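As the structure is a prediction and not an experimental result, all values here were calculated from the model. When reading the values below, keep in mind they use all heavy atoms of this one structure, side chains included, and skip hydrogens, waters and symmetry mates.
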Amino acid sequence: MRFSISTAYLPLTELPALAVAADRLGYDAMAVPDHVVDLETLQTPYPYTRDGARRWDHDAAWPDPWVLVGALAAVTTRLRFFTSVYVPALRSPFQVAKSVGTAAVLSGNRVALGIGIGWCREEFELLGQDFSTRGKRTDEALALMEQLWQPGWTEFEGTHYAAPRLVMEPTPTARIPVYVGGLSEVAMRRAARHDGWVGDLYTVEEAAGHAATLARMREETGNERDFSFITALTDAFLPEQFAAAEERGVTDVMTMPWAYYHGLDVGLEQKLDGMERFAADVLRPLGITPAATVPEM
């Protein structure tokens, strides 16, 4: 079992200190969400709440994920970073490949690209991207980006994107894992073809059901690569509960550990204290040890 710190809606100024603490305490990664803008009025309902309302206030921070990853990688040595999730179809795949590839090189291959097709039609329209073709464009963009991350010359001819003979440098020295978010059958089949799935808030029982579905889909596609099942768990608090989730297919848990001790809306000092206590109460009993070579900030 691996544990990732969710950075959603957190003050930007707190993130370097949280990253350094996560690096030292043995957390595996930081999960970085993505929106370019947060429009005041939407007709599109948010798909992850029952009433369609967004979970955040309009003053929530949405930093550019790859600028943030570059900054946090510079103050850490072993901590990984992944997006939860990034929307490639909002952008040019060439720009996405450049940003992700550069972050991979600068971090020493400590990044993974978590993607979704996007839910907010108005954000697509604002950025001049076609909402109706976003799924097909995402698949094609992923294929193009995998080629752009290879050394040497690339040529690509697709329905939506084309590349004449070109190179893109810097080139990552290791393969960048691709995780896929989304609960539809199409999204889960897309995840089954790649390296992992990024979920939302689920009970252990719900997560186990999704893990079983993905395992079946991966078997159908013949995908034998390592696969990460990443989600937040609403009813796991003790080491044995997380261990039970791992036995049922959960490989990674996204969490805000301070919520167990102090609540969500707390300051940096309480966040750091919560991370320390969760490491002692959960990570250590699960055999996750601190990184002795990582200095404190």
Practice task
Give a yes or no on whether the ring-centroid distance for Phe3 and Phe242 is below 6.0 angstrom.
Solution key: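 Yes, the ring of Phe3 comes within the 6.0 Å limit of the ring of Phe242, centre to centre.
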Handout entry: Pair Tyr260 + Phe278: ring centers closer than 6.0 Å
Key =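 That pair passes the under 6.0 Å test.
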Assess the side chains of [X] and [Y]: does a donor N or O sit below 3.5 Å from an acceptor N or O?
X	Y	result
Asn109	Thr173	yes
Tyr27	Arg2	no
Thr221	Asn223	no
Thr76	Arg110	yes
Thr171	Glu169	yes
Asp252	Tyr179	no
Thr251	Glu246	no

Problem - Axial cation check for Tyr86 ring with Arg91, 6.0 Å and 45° limits - result: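 Judged by the rule, Arg91 and Tyr86 form a cation-pi pair.
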Problem - Cation-pi, Phe124 ring and Arg121 (6.0 angstrom, 45 degrees) - result: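 So Arg121 doesn't make the cation-pi contact.
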Exercise for the section: Tell me, with the steps shown, if Tyr48 and Trp119 meet ring-ring contact (aromatic ring centres under 6.0 Å, His included). Expected result: CA-CA 10 Å; Tyr48 296 105; Trp119 59 271; 8.3 Å; no
Problem - Common cluster, Val282/Trp258, ILVMFWY with side-chain heavy-atom separation under 4.5 Å - result: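 Yes, same cluster.
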Exercise for the section: Give me the ring orientation class for Trp56 and His35: parallel if the planes are under 30° apart, tilted from 30 to 60°, perpendicular past 60°. Expected result: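 Aromatic pair Trp56/His35 classed tilted.
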Exercise for the section: If the plane angle is over 60° it's perpendicular, under 30° parallel, otherwise tilted; pick one for Phe229 and Trp197. Expected result: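 Answer is tilted, since the angle falls between 30° and 60°.
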Handout entry: Stepwise salt bridge (charged side-chain N to carboxylate O under 4.0 Å, His left out) test for Arg216 and Glu220
Key = CA-CA 6 Å; Arg216 173 178 54 80; Glu220 292 170 357; 3.3 Å; yes
Handout entry: Salt bridge present between Arg80 and Asp23 (N-O < 4.0 angstrom)
Key =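 No salt bridge links Arg80 with Asp23.
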Exercise for the section: Decide, yes or no, whether a salt bridge links Lys136 with Glu140 under the criterion of side-chain N to carboxylate O below 4.0 Å. Expected result: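 Answer for the salt bridge query: no.
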Problem - Audit row: Asp273, Arg277, salt bridge (charged side-chain N to carboxylate O under 4.0 Å, His left out) steps and yes/no - result: CA-CA 6 Å; Asp273 176 73; Arg277 292 171 65 176; 3.5 Å; yes
Handout entry: Candidate pair Val204 and Gln241, rule side chain to side chain contact (heavy atoms under 4.5 Å, CB included), full reasoning
Key = CA-CA 8 Å; Val204 171; Gln241 293 170 322; 5.7 Å; no
Exercise for the section: I would like to know whether Tyr202 and His210 meet ring-ring contact (aromatic ring centres under 6.0 Å, His included); could you show each step before the answer? Expected result: CA-CA 10 Å; Tyr202 300 113; His210 296 323; 4.8 Å; yes
Handout entry: Neighbour count above 12 (heavy atom, 6.0 Å) for Glu155 CD
Key =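 Check passes, neighbour count above 12.
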